[in-house]
Amino acid sequence: MVKLEITPYNRNWLDCYLNNLIAILMTRNAKYEQLIGYVSSRFEMPLPAAGKLTDEEYTGYRGAGAYLPHIRKGISEALLQRYLDSEEIAITPDTDIIGTVKELLRDGRYCFVRVNRYYYPGCYDYMTQRLIHPSFIYGYDDEAQKLLLIEDYIQVGRFERYEISYNDFLIAYRSIEPEERFALAVSASEAEFEAPLELLKANIDAQLTDEEASDDHFVYYKGVGGIRRFREHFFESIAGVTDVSTNVFNRVSTLVFYPDRNRMLIRDLRAAGLLDSGDGEQLASGFDDLYRLWGGIRAKILQYYMRDNKPDLHSYFANVDASLRECEAERELLERLRKKLG
């Protein structure tokens, strides 16, 4: 058996790829969790493009949760390349993918391999939806004929260890087209963490800049001003959801993970001496309040979806508008933080 050291990262949900990269780095040094604070995060409220949708299209999008707000996240590739050594693995139709993965693991490198989780037994996608996905592999056991992996496998957004047989893995891998197949070897570099403040400033500026964009189906309101749009279209956004899928859960949950990210950022900036005690305490308190508010909003939305007998939506969410109005204080907090950073 070969098993590389790794601990699943669950403090903040980014995506199935980035969470595992953070876990790799934190295995080397827990201080790398500070990278979470430098993930770009932008509120986005999608609404139907007026006059461009049929009634059937509108109902379909609404039912699938396409008009729910979410946080659009990303991280600078240049930032990742500073702290990670990665190599894309050449794959041909004849590649022995199991043998390739085992060789990389013996060399001390973690692996990502693209598969279709529709064929992953025990996974919440199993035989329900085609999901082309980068599986993260940290070990193997030849005696048991299994790979050792970490993903949100059983519970959406919860990263945990699991095992899959070589045979089931190959079925999931071979079910995607040859041109879609992809593998990546990753390990932590020796670079020490440095706070990229210019990147942080750019991320805050983007969140504070309200922008409207559109395509043939949607109008997107981006930036912190999108919270007001959510207030204005709350019932249209929430009430029409008929398919409470992984996508719906993830969209609603990002609204909570984002203010938690900001709480972590303020903690780290204070520890580094980049915020004085007065500013640090006020900003920490403000982002704590936002985390509490968005947590309450998320809970009410999901409770509504889980109830078999739906109560009247307007009365059930009678206090949500007041909470959303308080959430608009985020602009003031971000402006204050941006000013302090210079």
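Because the structure is predicted, anything quoted here is derived from the model rather than measured. Values below: every heavy atom of this structure, side chains too, minus hydrogens, waters and symmetry copies.
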TODO: Show your reasoning for whether salt bridge (charged side-chain N to carboxylate O under 4.0 Å, His left out) applies to Glu198 and Lys201.
DONE: CA-CA 5 Å; Glu198 293 305 314; Lys201 293 174 187 178; 3.2 Å; yes

- [ ] Check the pair Tyr220 / Asp215 against side chain to side chain donor-acceptor pair (under 3.5 Å), numbers first and verdict last.
- [x] CA-CA 9 Å; Tyr220 304 92; Asp215 56 27; 3.1 Å; yes

- [ ] Just do the salt bridge (charged side-chain N to carboxylate O under 4.0 Å, His left out) check on Glu103 and Arg109 with the steps written out, would you?
- [x] CA-CA 9 Å; Glu103 181 179 354; Arg109 295 193 282 176; over 6 Å; no

Task: Tyr32 vs Tyr9, side chain to side chain contact (heavy atoms under 4.5 Å, CB included): CA-CA, chis, key distance, verdict - done: CA-CA 12 Å; Tyr32 281 110; Tyr9 180 69; over 6 Å; no

Task: Trace of the salt bridge (charged side-chain N to carboxylate O under 4.0 Å, His left out) decision for Asp288 with Arg292 - done: CA-CA 6 Å; Asp288 282 346; Arg292 173 183 53 79; over 6 Å; no

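More than 12 non-hydrogen atoms from other residues, nucleotides or ligands lie less than 6.0 angstrom from CD of Glu236. Heavy-atom contacts from other residues, nucleotides or ligands closer than 6.0 Å to NZ of Lys3 number 12 or fewer. Atom CZ of Arg174 sits in a sparse spot, with 12 or fewer heavy atoms from other residues, nucleotides or ligands closer than 6.0 Å. Applying the 6.0 Å contact sphere to CZ of Arg158 captures no more than 12 heavy atoms from other residues, nucleotides or ligands. For Glu332, the CD atom is loosely surrounded, since the number of other residues' heavy atoms within 6.0 Å does not exceed 12. Atom CG of Asp312 sits in a crowded spot, with more than 12 heavy atoms from other residues, nucleotides or ligands closer than 6.0 Å. Counted within 6.0 Å of NZ on Lys310, heavy atoms from surrounding residues, nucleotides or ligands total more than 12; the atom is thus considered enclosed. Residue Arg263 places its CZ atom among more than 12 non-hydrogen atoms of other residues, nucleotides or ligands, all under 6.0 Å distant.
Shortest non-hydrogen contact noted between Phe43 and Gln207 is N-OE1, 3.0 Å. The minimum heavy-atom distance between Pro69 and Pro46, with the atom names listed, is CA-CD, 4.1 Å. Here the closest heavy-atom approach between residue Gly280 and residue Ile266 is recorded as O-CG2, 3.8 Å. In plain terms, the two heavy atoms of Pro121 and Ile164 that are nearest each other are CD-CD1, 4.4 Å.
A cation-pi arrangement is absent between Arg267 and Phe287 under the rule of less than 6.0 angstrom and at most 45 degrees off the ring axis.
For Tyr67 and Phe218, the ring centers sit closer than 6.0 Å to each other.
When side chains are defined from C-beta on, Asn167 does not count as touching Gln145, because their heavy atoms never get closer than 4.5 Å. Proximity of Ile238 to Tyr305: side-chain heavy atoms (C-beta onward) are separated by under 4.5 Å at one or more points. Counting heavy atoms from C-beta outward, Leu147 and Ile98 have side chains that approach closer than 4.5 Å. A heavy-atom distance below 4.5 Å is not found between the side chains of Leu269 and Leu283. The side-chain heavy atoms of Leu341 and Ile204, taken from C-beta on, include a pair separated by under 4.5 Å. Thr59 is not listed as a side-chain neighbour of Thr242, based on a closest heavy-atom distance of 4.5 Å or more. By the 4.5 Å heavy-atom criterion applied to side chains, Tyr166 and Tyr140 are counted as neighbours. Within the 4.5 Å cutoff, the side chain of Phe169 has heavy atoms near those of the Ile97 side chain.
Of the possible polar contacts, one joining the Thr254 side chain to the Arg251 backbone as a donor-acceptor pair under 3.5 Å is found. Using a distance-only test at 3.5 Å, with no hydrogens or angles considered, a donor-acceptor pair links the side chain of Thr27 to the main chain of Ala23. For the pair Ser189 (side chain) and Arg82 (backbone), a donor-acceptor distance under 3.5 Å is present. The closest donor-acceptor contact from the side chain of Ser237 to the backbone of His233 lies at 3.5 Å or more, if one exists at all. For Ser40 (side chain) and Gly74 (main-chain N/O), a donor-acceptor pair under 3.5 Å exists by modelled atom type. In this structure, Asn19 contributes its side chain and Leu14 its backbone to a donor-acceptor pair below 3.5 Å. Asn29 places no side-chain N or O within 3.5 Å of a backbone atom of Leu25 that could act as its donor or acceptor partner.
Once rounded to the nearest 0.5 Å, the distance linking CG of Asp321 with CD1 of Ile297 reads 9.5 Å.
No side-chain donor-acceptor contact under 3.5 Å links Glu232 and Tyr221. Between the side chains of Ser135 and Glu151, at least one donor N or O lies within less than 3.5 Å of an accepting N or O. No hydrogens or angles considered: a donor-acceptor pair under 3.5 Å links the side chains of Ser253 and Arg298.
A salt bridge links Arg11 with Asp260; the closest basic N to acidic carboxylate O contact falls under 4.0 Å. Using a cutoff of 4.0 Å between basic side-chain nitrogens and carboxylate oxygens, Arg338 and Glu335 are not scored as salt-bridged.
For the side chain to side chain contact (heavy atoms under 4.5 Å, CB included) test with Lys73, the passing option among Tyr258, Trp13, Phe257 is Trp13; the others fail. Test Arg229, Arg228, Arg331 against Asp210 for salt bridge (Lys or Arg N to Asp or Glu O under 4.0 Å) and you get one pass: Arg331.
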